[in-house]
Amino acid sequence: MARAVRKTTRGRAAPKLTKIGRGELLTLIDFVRYAVSRFVEAKLAFAHGTTDPVAEAVFLVCEALHLHPDQFEIFGHARVTAAEGKTLLDLIHKRVTTRKPAAYLVNKIYMRGLPFYVDERVIVPRSFIGELLDSHFGGDGEAGSLIDDPTAVERVLDLCTGSGCLAILTAYHFPNAMVDAVDISKGALEVAARNVGEHRLDERITLHRGDLFAPLGANKYDLIITNPPYVDAEGMAALPPECRAEPKLAFDGGADGLDVVRRILRDAPDHLTPDGGLLCEIGRGRELVDEAFPELPLLWLDTEDSEGEVFWIAAADLG
């Protein structure tokens, strides 16, 4: 699920972009600078894989030219062709006028350096769980590791899988694990199936359509991960246009944002092995979660860009 972003003014007329003369923009850097200026001018929101206008502009320019964003520094001063320039300007114009997330415009997002297909059937993935898998589930006696031996993990469940990106990252991280991934949306599972196939993980990841644990029977898991809907009613009313382009189902967590989280915490004990645990992303709702579940010894985890937005709880502490 997405992190909340600042509300923007609704009902504003779409800005018109100035016509660019021949030879005014020549290099990749020229187009990035132009895009940044237009994005700032239009007061776009950034919460979909990039967090600022510069990163967003680099992402769009590189994807349009079939370059990985990491290659921008190598080609930044390279000139683009007239046809490429038109493509870039069209993308910049669409980003400003439609307010759709950049990932939808190029059908691509990167997580932990890996590419994933996305479209309007799924929320644009931007979870912190991928980073936490690397930082807190490494094993080998590492300080702070929550699972001693990643190779010993045999079954993992990804609830509210969306595009399947977390299920795929989990499969890579736990090489011996079979992964079940669940979503209630038929469209989301179609996108997830495409990503699972493109990463050649069909034999290890099984997709299930249903409401949380409902399609899983009595299956038990060594690890459950989930990035469920957790935006409260006030946050839903304040979503910027970029987020309104995404499926509402992936955001709406009910009046206080905890409707789905409550159900997950209630039913997770029935689906965890004795030594297993639950990793759940909740955005900026830590205070509400702590108030709602004071009896649970939740361990709040930090990442490079977040503080206390994901919690871990061992199966033994769930009861």
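When a residue number appears, it is its place in the shown sequence, counting from 1.
- Within the structure, the ring-ring contact (aromatic ring centres under 6.0 Å, His included) test picks out the following pairs touching residues 187-209 (sequence neighbours left out): Phe116-His199, Tyr172-His199.
- No side-chain heavy atom of Leu44 sits less than 4.5 Å from a side-chain heavy atom of Pro53.
- Between Asp90 and Lys94 there is no salt bridge, since no side-chain nitrogen of the basic residue lies less than 4.0 Å from a carboxylate oxygen of the acidic one.
- A cation-pi arrangement is present between Arg38 and Tyr34 under the rule of less than 6.0 angstrom and at most 45 degrees off the ring axis.
- Here the straight-line distance linking atom CZ of Arg286 with atom CD of Glu291 works out to 12.0 Å at 0.5 Å rounding.
- Proximity of Val260 to Asp252: side-chain heavy atoms (C-beta onward) are nowhere separated by under 4.5 Å.
- Residues Tyr221 and Met178 fall into different hydrophobic clusters, defined by Ile, Leu, Val, Met, Phe, Trp and Tyr side chains chained together at heavy-atom separations under 4.5 Å.
- A salt bridge between Arg263 and Asp211 is present, with a side-chain N of the basic residue lying under 4.0 Å from a carboxylate O of the acidic one.
- In this structure the side chain of Leu223 reaches within 4.5 angstrom of the side chain of Phe174, judged on heavy atoms.
- Contact annotation: the side chain of Val289 approaches that of Trp300 to within less than 4.5 Å [non-hydrogen atoms, C-beta and beyond].
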Kindly determine whether Asp290 and Phe311 satisfy side chain to side chain contact (heavy atoms under 4.5 Å, CB included), including the steps that lead there. CA-CA 10 Å; Asp290 283 337; Phe311 68 77; over 6 Å; no

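- Between the CG atom of Leu28 and the SG atom of Cys62 there is a distance of 6.5 Å, given to the nearest 0.5 Å.
- Within a 6.0 Å radius of NZ in Lys220, other residues, nucleotides and ligands contribute more than 12 heavy atoms.
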Apply the test side-chain hydrogen bond (donor to acceptor under 3.5 Å, both in side chains) to residues Asp275 and Thr273: give CA-CA distance (whole Å), side-chain angles for both, the deciding distance (0.1 Å), then the verdict. CA-CA 6 Å; Asp275 295 324; Thr273 59; over 6 Å; no

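- Checking Asp180, Asn176, Asp222 one by one against Arg155, the side chain to side chain donor-acceptor pair (under 3.5 Å) holds for a single residue, Asp180.
- Comment: Arg126 engages Glu246 in a salt bridge, judged by a side-chain N to carboxylate O separation of less than 4.0 angstrom.
- In the displayed structure, His68 atom NE2 is contacted under 6.0 Å by more than 12 heavy atoms of other residues, nucleotides or ligands.
- Atom CZ of Arg112 sits in a crowded spot, with more than 12 heavy atoms from other residues, nucleotides or ligands closer than 6.0 Å.
- Taking CG of Asn195 as the start and CD1 of Ile168 as the end, the distance is 5.0 Å to the nearest 0.5 Å.
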Side chain to side chain contact (heavy atoms under 4.5 Å, CB included) between Tyr104 and Val124: does it pass, once the steps are laid out? CA-CA 8 Å; Tyr104 287 163; Val124 179; 3.6 Å; yes

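- Under the 4.0 Å criterion applied to side-chain N and carboxylate O atoms, Asp256 and Arg262 are assigned as salt-bridge partners.
- Annotation: Asp202, atom CG; neighbour count of heavy atoms from other residues, nucleotides and ligands within 6.0 Å is above 12.
- Partner of Ile129 under the side chain to side chain contact (heavy atoms under 4.5 Å, CB included) criterion, out of Thr170, Leu279, Thr303: Leu279 alone.
- Residues Glu281 and Ser127 approach most closely at OE1-OG, 2.5 Å, considering heavy atoms.
- To the nearest 0.5 Å, atom CD1 of residue Ile123 and atom CG of residue Leu249 are 10.0 Å apart.
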Val106 and Phe59: CA distance, side-chain angles, deciding distance, side chain to side chain contact (heavy atoms under 4.5 Å, CB included) verdict: CA-CA 10 Å; Val106 296; Phe59 169 72; 3.7 Å; yes

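- Rounding to the nearest 0.5 Å places CG of Leu212 at 7.5 Å from CD1 of Ile184.
- Taking the charged nitrogens against the carboxylate oxygens, Glu190 and Arg194 have no contact shorter than 4.0 Å, which rules out a salt bridge.
- To the nearest 0.5 angstrom, Asp232 atom CG is 13.0 Å from Phe251 atom CZ.
- You'll find the ring centres of Phe213 and His271 inside the 6.0 Å limit.
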Can Leu169 and Met111 be said to form a side chain to side chain contact (heavy atoms under 4.5 Å, CB included), step by step? CA-CA 8 Å; Leu169 290 176; Met111 288 192 70; 4.2 Å; yes

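- Summarising the local packing, CD of Glu234 is surrounded by 12 or fewer heavy atoms from other residues, nucleotides or ligands at distances under 6.0 Å.
- The existence of a salt bridge linking Glu84 and Arg79 is excluded, since no basic side-chain nitrogen approaches an acidic carboxylate oxygen closer than 4.0 Å.
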